[in-house]
> 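Below you'll find the structure I mean.
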Amino acid sequence: MKQFYMPTKLFDGKKIIEEKKQLLLAYGRRALIVTGSQSSKINGSLGDVEDALKALNIDYGIFDQVEENPSIENVIEGAKAYKEAEFVIGIGGGSPLDAAKAIAVLLKNPHEPEEKILFETPNAKALPVIAVPTTAGTGSEVTPYSILTVHKDQTKRNFKCRVFPEIAFLDVSYFLTMSIHVRVHTCIDALTHLVESYLNTNATEYSDGIVEAGLTLWAKGFPKIQAENIDETHMQYFIAASTFAGMAISQTGTSLPHGMGYFLTYHHGLSHGHANGILTSSYLRLYQDQDKVNRLLRCLGIHSIEAFEKEVDVLLPALNLRDDQMLMYAEQMMLNQAKLKNYPFEVTKDELFMMYKGKSSQAESNR
Ligand code: NAP
Ligand code: FE
């Protein structure tokens, strides 16, 4: 059986929140805004949401302390900010959007132990979530996932339930303030979603069609990925690519690079996109169906894995890992059944070790 499910209503356009604000009335009279500490204040997204809520006479509280790669402790704190909220508005990159989903679960289930409701309750309900993304990276505005840092396990985990945002509001103006560094790393995260959805056990012609369209859009944005000031047209290509990527991983999940990248974020502080990105060319090499890999590269307008390394991989500095670290991460990854099952072939610990080694050996040879 094949299925495709993406219930989020998506609106994309400049001043879209102002234009469509009436839709918010369907979700209640009290909202909690969940955002990071800085960027949404600068790029206008927070101001636009507040203006809309004021115009609609919706009371609101703000939790603006979402950390990058939010932890359970961070979302528990956020859920205390406005306990009477009837819906939650996440504004920012994947971190605030994911935090908004987790907070929406906690607010809906105030009497349940937090870790149990987040990580052990597949059918947990949530308050409605509205998503206002400001990075063209995670696609969280159209995925049901929330990735949280779990300090006791020294890694990151997806929560157990599924929370698709009710509405995603995309306004290109909010994305133009990203630093080159944040833009490169987040756009590469979107690319890794496209790659890992396409090269995935659960891929179907429905998800593949979305991925192929996403790869083509991504390639159109790519010449300006490092531009000092990216123009709206190129940013818009990345926004659409990232949202398509989100729709695709909502169907298939991600695969080995995401599971393996979590250790690089947790233990070495790599951004999420950087961590997955440096494992991507190794994944392309490992993948046994090279015909499909070649189809993927053709959508990007790239003719070989070597060319991919020269053009895309080169944007991400290598990380110099010790053998014992790579071995430990490979061993832990062998326990991550959720990600392993998305890889359609047998994989060994040695192969995972070699995936880490691929880029790490570049770091050694560059020294
Ligand atoms: P992020 O952690 O949300 O944000 C990274 C940095 O970018 C923060 O310093 C943030 O500042 C800043 N920033 C965000 N938007 C900006 C803008 N428009 N202009 C200037 N700076 C901006 O980064 P992300 O890569 O988007 O999200 C990563 C998280 O998403 C990870 O936890 C990852 O695991 C998760 N993820 C989720 C999914 C999913 O399907 N749910 C998929 C992939 C990844 P402020 O803190 O000040 O806002
Ligand atoms: Fe990701």
Side-chain angles (χ1 to χ4, degrees), residues 6 8 33-46 63-72 74-75 90-102 129 131-150 155-159 161-165 168 170-197 230 235 238-239 242-243 245-255 257-266 269-277 279-280 339:
M6 206 297 286
T8 304
I33 296 174
V34 173
T35 189
S37 60
Q38 306 246 325
S39 65
S40 63
K41 292 169 188 142
I42 295 165
N43 61 37
S45 51
L46 178 60
F63 178 67
D64 65 358
Q65 297 301 315
V66 178
E67 53 201 29
E68 288 182 39
N69 307 294
S71 60
I72 307 178
N74 192 212
V75 298
I91 309 175
S95 297
L97 301 192
D98 283 10
K101 294 174 191 174
V129 173
V132 183
T134 66
T135 64
T138 69
S140 180
E141 66 277 8
V142 292
T143 77
Y145 310 130
S146 170
I147 317 294
L148 301 172
T149 297
V150 184
T155 187
K156 296 166 64 178
R157 288 202 193 296
N158 196 355
F159 70 3
C161 58
R162 294 287 172 260
V163 180
F164 276 104
L170 279 65
D171 184 332
V172 65
S173 338
Y174 307 149
F175 296 76
L176 301 173
T177 54
M178 270 185 278
S179 64
I180 297 173
H181 176 88
V182 169
R183 190 197 308 140
V184 167
H185 288 204
T186 53
C187 289
I188 286 188
D189 184 32
L191 176 65
T192 66
H193 296 161
L194 293 165
V195 169
E196 292 175 47
S197 176
I230 192 166
M235 193 65 241
F238 281 126
I239 294 171
S242 148
T243 305
M247 293 179 195
I249 58 168
S250 296
Q251 315 309 314
T252 59
T254 53
S255 179
H258 264 69
M260 296 170 70
Y262 292 156
F263 302 113
L264 306 184
T265 295
Y266 193 87
L270 261 54
S271 75
H272 175 69
H274 190 176
N276 309 320
L279 295 161
T280 298
K339 290 281 182 252

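In each ligand, atom 1 is the first atom listed, and ligand 1 is the first ligand listed. Values below: every heavy atom of this structure, side chains too, minus hydrogens, waters and symmetry copies.
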> How many angstroms lie between CD1 in I91 and OG1 in T134, if you round to the nearest 0.5 Å?
9.0 Å

> With sequence neighbours excluded, what pairs up with P96 under the side chain to side chain contact (heavy atoms under 4.5 Å, CB included) test?
V66

> Number the atoms of ligand 1 from 1 as they appear, then name those within less than 4.0 Å of a heavy atom of K156, with their elements.
31 (C), 32 (O), 33 (C), 34 (O)

> With atoms numbered from 1 as shown, which atoms in ligand 1 lie under 4.0 angstrom from a non-hydrogen atom of M178?
16 (C), 17 (C), 18 (N), 19 (N), 20 (C)

> Can you name the residues that form a ring-ring contact (aromatic ring centres under 6.0 Å, His included) with F63, not counting sequence neighbours?
none

> Please list, in chain and residue-number order, the protein N/O/S atoms closer than 2.8 Å to the Fe ion (ligand 2).
D189 OD1, H193 NE2, H258 NE2, H272 NE2

> For atom 8 (C) of ligand 1, what's the nearest protein heavy-atom neighbour? Residue, atom name and distance, please.
E68 OE2, 3.4 Å

> For a 4.5 angstrom cut-off between non-hydrogen side-chain atoms, does Y262 reach K339?
yes

> Taking only residues two or more places apart in sequence, or in another chain, which ones meet R162 in a side chain to side chain contact (heavy atoms under 4.5 Å, CB included)?
P144, Y145, N158

> Where do Q65 and S37 land on the side chain to side chain donor-acceptor pair (under 3.5 Å) test, with the steps shown first?
CA-CA 5 Å; Q65 297 301 315; S37 60; 5.8 Å; no

> Within the structure provided, determine whether M178 and T186 are in side-chain contact (heavy-atom separation under 4.5 Å).
yes

> Using distance alone, determine whether T186 and ligand 1 share an N or O pair under 3.5 Å.
no

> Suppose I only count heavy atoms of G36 and a 4.0 Å limit; which atoms of ligand 1 are within that range?
46 (O), 48 (O)

> Counting only heavy atoms, tell me which of D189, T177, N69 gets closest to atom 17 (C) of ligand 1.
T177

> What do the steps show when you test S242 against I239 for side-chain contact (heavy atoms from CB on, under 4.5 Å), and what is the final call?
CA-CA 5 Å; S242 148; I239 294 171; 5.9 Å; no

> Would you say the side chain of S197 lies within less than 4.5 Å of the side chain of H193, judging by non-hydrogen atoms?
no

> I need the nearest protein heavy-atom contact for atom 3 (O) of ligand 1: residue, atom name and distance, please.
S95 N, 3.0 Å

> Would you mind running through ligand 1 and noting each atom that sits below 4.0 Å from a heavy atom of P96?
3 (O)

> Has ligand 1 got any nitrogen or oxygen that is less than 3.5 angstrom from a nitrogen or oxygen of T143?
yes

> Should H193 be listed as contacting ligand 1, given a heavy-atom distance under 4.0 Å as the test?
yes

> Is there a side-chain contact between P133 and L170 in this structure, where contact means two heavy atoms from C-beta onward sitting under 4.5 Å apart?
yes

> Could you walk me through whether T280 and L191 satisfy the side-chain contact (heavy atoms from CB on, under 4.5 Å) test, starting with their C-alpha distance in whole Å, then the side-chain angles of each, then the deciding distance to 0.1 Å, before giving a yes or no?
CA-CA 9 Å; T280 298; L191 176 65; 5.7 Å; no

> Answer yes if the side chains of K101 and T143 hold a donor-acceptor pair under 3.5 Å, and no otherwise.
yes

> Within a strict 4.5 Å, meaning less than it, do heavy atoms of the K156 and L148 side chains meet?
no

> I'd like to check which ligand 1 atoms, numbered from 1 as shown, lie under 4.0 Å from a non-hydrogen atom of T135.
14 (C), 15 (N), 26 (O)

> Ignoring hydrogens and angles, state whether a donor on the side chain of T149 or N69 is under 3.5 Å from an acceptor on the partner side chain.
no

> Kindly identify the option in L46, D98, N276 whose heavy atom sits closest to atom 41 (N) of ligand 1.
D98

> Can you list the atoms of ligand 1 that are under 4.0 Å from a heavy atom of N43?
17 (C), 18 (N)

> Measure T134 to ligand 1 on non-hydrogen atoms and call it side chain, backbone, both or neither using the 4.0 Å cut-off.
both

> What is the closest protein heavy atom to atom 38 (C) of ligand 1, and at what distance does it sit?
T138 CB, 3.8 Å

> Does at least one non-hydrogen atom of S37 fall below 4.0 angstrom from an atom of ligand 1?
yes

> Is Q38 close to ligand 1, meaning an N/O of one under 3.5 Å from an N/O of the other?
yes

> If you define the side chain from C-beta out and look only at heavy atoms, does anything of P257 sit under 4.5 Å from E196?
yes

> Quick one, H258 and D189 - any side-chain contact, counting heavy atoms below 4.5 Å?
yes

> Quick one: does G94 get an N or O within less than 3.5 Å of an N or O on ligand 1?
yes

> Identify the protein heavy atom lying closest to atom 44 (C) of ligand 1, giving its residue, its atom name and the separation to 0.1 Å.
H272 NE2, 3.0 Å

> From the options A131, G93, S39, select the one whose nearest heavy atom is closest to atom 45 (P) of ligand 1.
S39

> For ligand 1 and S146, I'd like to know whether there is a polar contact (N/O to N/O, distance under 3.5 Å).
no

> Ignoring hydrogens and geometry beyond distance, is a side-chain donor-acceptor pair present between S40 and T35 at under 3.5 Å?
yes

> Short list, please: which atoms of ligand 1 are under 4.0 Å from a heavy atom of V182?
7 (O)

> To check your reading of the model: name the closest protein heavy atom to atom 18 (N) of ligand 1, its residue, and the distance in Å.
Y174 O, 2.8 Å

